[in-house]
There are 2 protein chains.
Amino acid sequence: MTNINDIARLAGVSVSTVSRVLNNYKYVASNKRESVLKVIEEMNYTPNKNAIDLIRGETRTIGVIIPYNNNPSFDQLLNGILTKALEDDFLITVLPSKYSKEKEMEYLEKLKSKLFDGIIITSRANDWETIIPYSNYGSIVSCEYTEHTEIGCSYIDRYSSFLNAFQLLKNKGHRAAAFTTARLESNSTKQMLDAYNQIFGELPPGYHISDCQCLEDGYEAAKQFLQLPERPTAIYANGDEVAGGMYLYAKSQQMKVPADLVIIGQENQPVGIGLGLTTVDHQLTKVGEQACSLVIKKSRKKVKIPYRILERDSV
Amino acid sequence: MTNINDIARLAGVSVSTVSRVLNNYKYVASNKRESVLKVIEEMNYTPNKNAIDLIRGETRTIGVIIPYNNNPSFDQLLNGILTKALEDDFLITVLPSKYSKEKEMEYLEKLKSKLFDGIIITSRANDWETIIPYSNYGSIVSCEYTEHTEIGCSYIDRYSSFLNAFQLLKNKGHRAAAFTTARLESNSTKQMLDAYNQIFGELPPGYHISDCQCLEDGYEAAKQFLQLPERPTAIYANGDEVAGGMYLYAKSQQMKVPADLVIIGQENQPVGIGLGLTTVDHQLTKVGEQACSLVIKKSRKKVKIPYRILERDSV
DNA sequence: CCTTGACTTGAAATGCATTTCATAAATTAG
DNA sequence: CTAATTTATGAAATGCATTTCAAGTCAAGG
């Protein structure tokens with residue numbers, strides 16, 4: 001491979017001058033600039049990006065930790081992040097964690113090793129205490145709210161959105177509701193339980209199923225809910241695909257939505273539009289865009305993204 | 001920042017020895033190894049990955065060119081790629097192109113500049129002639145078939161799948177079918193037109209609408225199709241989300257699927273499962289996995305991934 | 001005519017870790 | 001008890017481009 005020294009030699013100038021040409025520095029005699037460019041062209045030379053990143057100490061690359069790479073919510077976040085990164089000429093490296101603490105640390109180590117200028121954590125397995133020291137090595141932005149001042153946040157007030165959704169159900173005359181969540185130990189699940197308690201009081205046994213991700217999970221969850229002795233009249237699903245599965249199960253039992261069963265979904269996904277499901281749209285694409293914007297600006301601001309409830313025909 | 005020289009000095013050894021410890025080289029006296037590790041611990045040292053990549057000449061990072069980052073088909077491909085990359089400890093950088101030739105070249109230049117060990121092209125804007133020279137700088141794998149021996153391929157025989165889908169419709173008694181595609185100038189569209197011609201002969205005017213991506217596009221397409229003087233009895237949609245939109249439009253017109261209108265979708269997406277749409281599943285996740293596997297192995301093989309038709313209730 | 005500021009250029013230092021080469025000591029084999 | 005390995009270590013070269021520093025030229029201003 002030809003490098004900057006070869007170019008300098010062949011063009012009869014110093015490497016400094018070649019570097020100046022490469023970086024469009026003003027003060028280079030035009031004849032020298034010409035001949036350098038000519039040699040670059042002839043030798044088909046491209047500067048080595050690793051050398052540049054090494055000396056500049058930055059890579060214009062952002063790492064994005066996502067637990068699952070086949071999950072529509074994280075796809076929405078990633079979509080927003082990519083859009084913003086493209087605008088500002090940053091690269092995005094996707095870091096799937098499967099909620100493994102070790103994998104997560106491995107990725108944070110890569111921030112420390114100068115591979116990324118910053119990291120966006122869409123969801124995490126480790127404690128903040130473990131993560132925060134790494135904010136010394138690059139900007140870290142979270143898609144979940146945290147008090148810690150070292151971490152920028154682009155977040156949703158989920159507690160409030162859950163409160164609103166449950167209130168909507170209560171207003172329609174339901175005295176309880178079943179619901180699904182993703183990970184049992186997540187912050188989001190905690191907020192869900194709190195919001196439920198706030199609106200409906202005690203949760204009837206069997207009214208909460210966790211680890212739901214996809215349409216099939218929703219189908220199974222609905223089956224379980226509807227086999228309970230006190231079957232729920234309303235269900236909140238943590239995603240429209242999950243809600244879609246519930247809808248299908250209800251249909252298979254000759255139940256009508258919303259007459260026999262009310263379903264409310266989340267994230268405004270295509271299947272929800274298709275089935276006319278009412279949904280709580282947390283606008284994850286916007287959350288992603290904002291997160292990316294914060295990490296690029298090395299900002300530690302806390303930015304709340306508004307959610308909205310899209311009422312369709314399932315409530 | 002502390003570097004390998006600092007560690008060497010503080011541990012009273014040479015940088016070579018520190019490097020040996022770092023890379024678990026066998027022949028290091030255990031007492032020296034201990035003291036090096038101790039200093040590394042104390043100084044909270046992490047080697048600079050850019051320096052390592054520079055000298056090793058490889059990054060264990062693969063770039064993935066995708067035209068759209070909010071498209072379910074490309075999400076499926078990416079999903080497969082990420083799964084395989086995680087297994088083999090490679091990183092994935094997502095490179096959105098929007099089918100811009102310039103952006104694409106920019107990304108290929110990054111391969112040349114040693115930022116990536118290889119590139120996966122899920123779909124392209126440039127000619128192969130323009131792309132191929134870059135295969136000298138790293139392995140390039142395409143998710144579309146090409147004769148060029150420089151390029152590895154993990155591909156689907158779309159012509160065959162379209163042939164099969166149209167034959168299915170013909171067998172059910174349809175004498176023509178309308179269909180949607182993504183980009184008009186894509187290879188896939190060409191194959192579609194050829195397959196149509198093979199099965200049904202000449203395409204009735206207005207029976208092909210391009211640039212369809214999402215549910216809303218499908219809704220609009222169905223509207224246009226069903227307003228034609230000779231309205232089609234069957235439609236092939238380039239994606240289940242598009243098909244979902246068609247389904248919705250048909251419903252809005254009090255039409256029954258499949259009695260009044262037959263719809264066949266593509267890629268086995270959640271909305272299709274939800275609506276019970278028959279679909280041509282090209283198994284894009286597998287295509288992605290295979291593509292990633294090829295690029296990691298620097299293989300130029302041509303691997304055909306089998307498709308399958310999932311018959312549900314819309315045909 | 002001298003000073004000042006705008007140009008122009010190259011040598012050398014810098015960023016950081018790996019790897020080759022040379023050397024030497026300690027074992028093992030014959 | 002040699003010869004051949006194995007073990008152990010450091011100096012120096014290597015990968016590559018940027019940036020600072022020093023120094024020189026040239027033209028304009030006073």
Side-chain angles (χ1 to χ4, degrees), chain A residues 1-40 43-61 109-117 137-138, chain B residues 1-40 43-61 109-117 137-138:
Chain A
M1 280 295 291
T2 116
N3 63 29
I4 199 173
N5 290 293
D6 302 331
I7 303 299
R9 191 164 19 81
L10 293 167
V13 298
S14 72
V15 291
S16 326
T17 299
V18 178
S19 177
R20 288 185 187 108
V21 172
L22 252 17
N23 293 284
N24 285 312
Y25 184 73
K26 208 169 139 196
Y27 297 138
V28 177
S30 55
N31 61 327
K32 298 215 174 177
R33 166 167 275 129
E34 300 284 299
S35 71
V36 166
L37 287 173
K38 187 153 154 279
V39 174
I40 286 176
M43 301 300 293
N44 191 19
Y45 166 74
T46 298
N48 184 310
K49 189 65 164 45
N50 294 130
I52 296 173
D53 289 347
L54 171 61
I55 199 157
R56 283 224 228 271
E58 59 166 50
T59 58
R60 291 188 82 80
T61 301
E109 279 292 322
K110 288 193 195 296
L111 177 67
K112 193 176 168 192
S113 75
K114 313 238 82 185
L115 200 50
F116 307 129
D117 291 351
Y137 309 114
Chain B
M1 278 297 290
T2 115
N3 63 28
I4 200 173
N5 290 295
D6 302 328
I7 303 299
R9 192 162 20 78
L10 293 167
V13 299
S14 72
V15 291
S16 327
T17 300
V18 177
S19 177
R20 288 184 187 109
V21 172
L22 251 19
N23 293 284
N24 286 313
Y25 184 72
K26 209 168 138 197
Y27 299 136
V28 177
S30 54
N31 61 327
K32 298 214 175 179
R33 168 166 274 131
E34 301 284 299
S35 71
V36 166
L37 287 173
K38 187 154 152 282
V39 174
I40 286 176
M43 301 301 292
N44 190 20
Y45 166 74
T46 298
N48 184 310
K49 188 66 164 42
N50 293 129
I52 296 174
D53 288 348
L54 171 61
I55 199 157
R56 284 224 227 274
E58 59 166 49
T59 58
R60 291 188 79 80
T61 301
E109 279 291 322
K110 288 192 196 297
L111 176 67
K112 192 176 170 194
S113 76
K114 312 239 81 183
L115 201 49
F116 307 128
D117 291 351
Y137 310 114

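By convention in this document, chain letters (A, B, ...) are assigned in the order of the sequence lines, proteins followed by strands, and residues within each chain are numbered from 1.
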| said: In this structure, how many angstroms lie between the P atom of C/dT14 and the CE atom of B/M1, rounded? | reply: 18 Å
| message | Within the structure provided, determine whether B/V13 and B/V21 are in side-chain contact (heavy-atom separation under 4.5 Å). | response | no
| said: Any base atoms under 4.0 Å from B/V28, or only sugar-phosphate, or nothing? Heavy atoms, all strands. | reply: sugar-phosphate
| Within the structure shown, what part of the strands sits under 4.0 Å from B/V18 by heavy-atom distance: base, sugar-phosphate, or nothing? | nothing
| Contact class for B/I52 (heavy atom, under 4.0 Å): base, sugar-phosphate, or nothing? | sugar-phosphate
| request: Examine D/dA17: is either OP1 or OP2 under 4.0 Å from a nitrogen or oxygen in the side chain of A/Y45? Give yes or no. | output: yes
| Whole Å only: how far is the CG atom of B/L54 from the P atom of D/dT14? | 14 Å
| message | At less than 4.0 Å, is any side-chain N or O atom of B/K26 found next to OP1 or OP2 of D/dT9? Yes or no. | response | no
| query | With a non-hydrogen cut-off below 4.0 angstrom, is B/N50 in contact with a base, only sugar-phosphate, or nothing? | reply | nothing
| Between atom CG of A/L10 and atom OG1 of A/T2, what is the distance when rounded to the nearest 0.5 Å? | 8.0 Å
| task | Examine the base of D/dA8 for any acceptor or donor lying under 3.5 Å from a partner atom in the side chain of B/T17, and report the outcome as yes or no. | result | no
| remark: Assert: residue with more 5' nearest nucleotide on DNA chain D, out of B/K32 and B/A51, is B/K32
| Hey, does A/N5 reach any base, or is it just sugar-phosphate, or nothing, if we go heavy atoms under 4.0 Å? | nothing
| request: With the side chain of B/S14 defined as its heavy atoms from C-beta on, choose the nearest nucleotide among D/dA17, D/dA11, C/dA11. | output: D/dA11
| message | Heavy atoms from C-beta onward define the side chain here; which of C/dC16, D/dA8, D/dT18 lies closest to that of A/S19? | response | D/dT18
| Protein-nucleotide distance (A/I7, atom CD1; C/dG10, atom C1'), rounded to Å | 17 Å
| note | B/N48 has its side chain closest, among C/dC16, C/dT18, C/dT9, to C/dC16
| message | Nearest to the side chain of A/Y27, heavy atoms from C-beta on, is which of D/dC21, C/dA6, D/dA17? | response | C/dA6
| field | Member of B/L54, B/D53, B/I55, B/I52 meeting the side-chain contact (heavy atoms from CB on, under 4.5 Å) criterion with A/L54 | value | B/L54
| query | For the side chain of A/N3, counting heavy atoms from C-beta on, which of D/dC16, D/dT18, D/dT20 is nearest? | reply | D/dC16
| query | When the distance from CD1 of B/I4 to C1' of D/dA11 is rounded to whole Å, what number comes out? | reply | 14 Å
| task | May I have the distance from B/R9 (atom CZ) to D/dT9 (atom C1'), rounded to whole angstrom? | result | 19 Å
| query | Could you state the CZ-P distance from B/R33 to D/dT9, rounded to the nearest angstrom? | reply | 10 Å
| query | With a 4.5 Å limit on heavy-atom distance, are the side chains of A/Y45 and A/V36 in contact? | reply | no
| task | Starting at atom NZ of B/K114, determine the distance to atom P of D/dT14, rounded to an integer number of angstrom. | result | 18 Å
| task | In whole angstrom, give the distance that lies between atom CZ of B/R56 and atom C1' of C/dC16. | result | 13 Å
| remark: Judged by nearest nucleotide, the residue sitting upstream toward the 5' end of DNA chain D, B/Y25 or A/L22, is B/Y25
| field | Whether A/D117 side chain and A/R60 backbone form a donor-acceptor pair below 3.5 Å | value | yes
| request: Decide if atom NZ of A/K114 counts as having more than 12 heavy atoms of other residues, nucleotides or ligands within a radius under 6.0 Å. | output: no
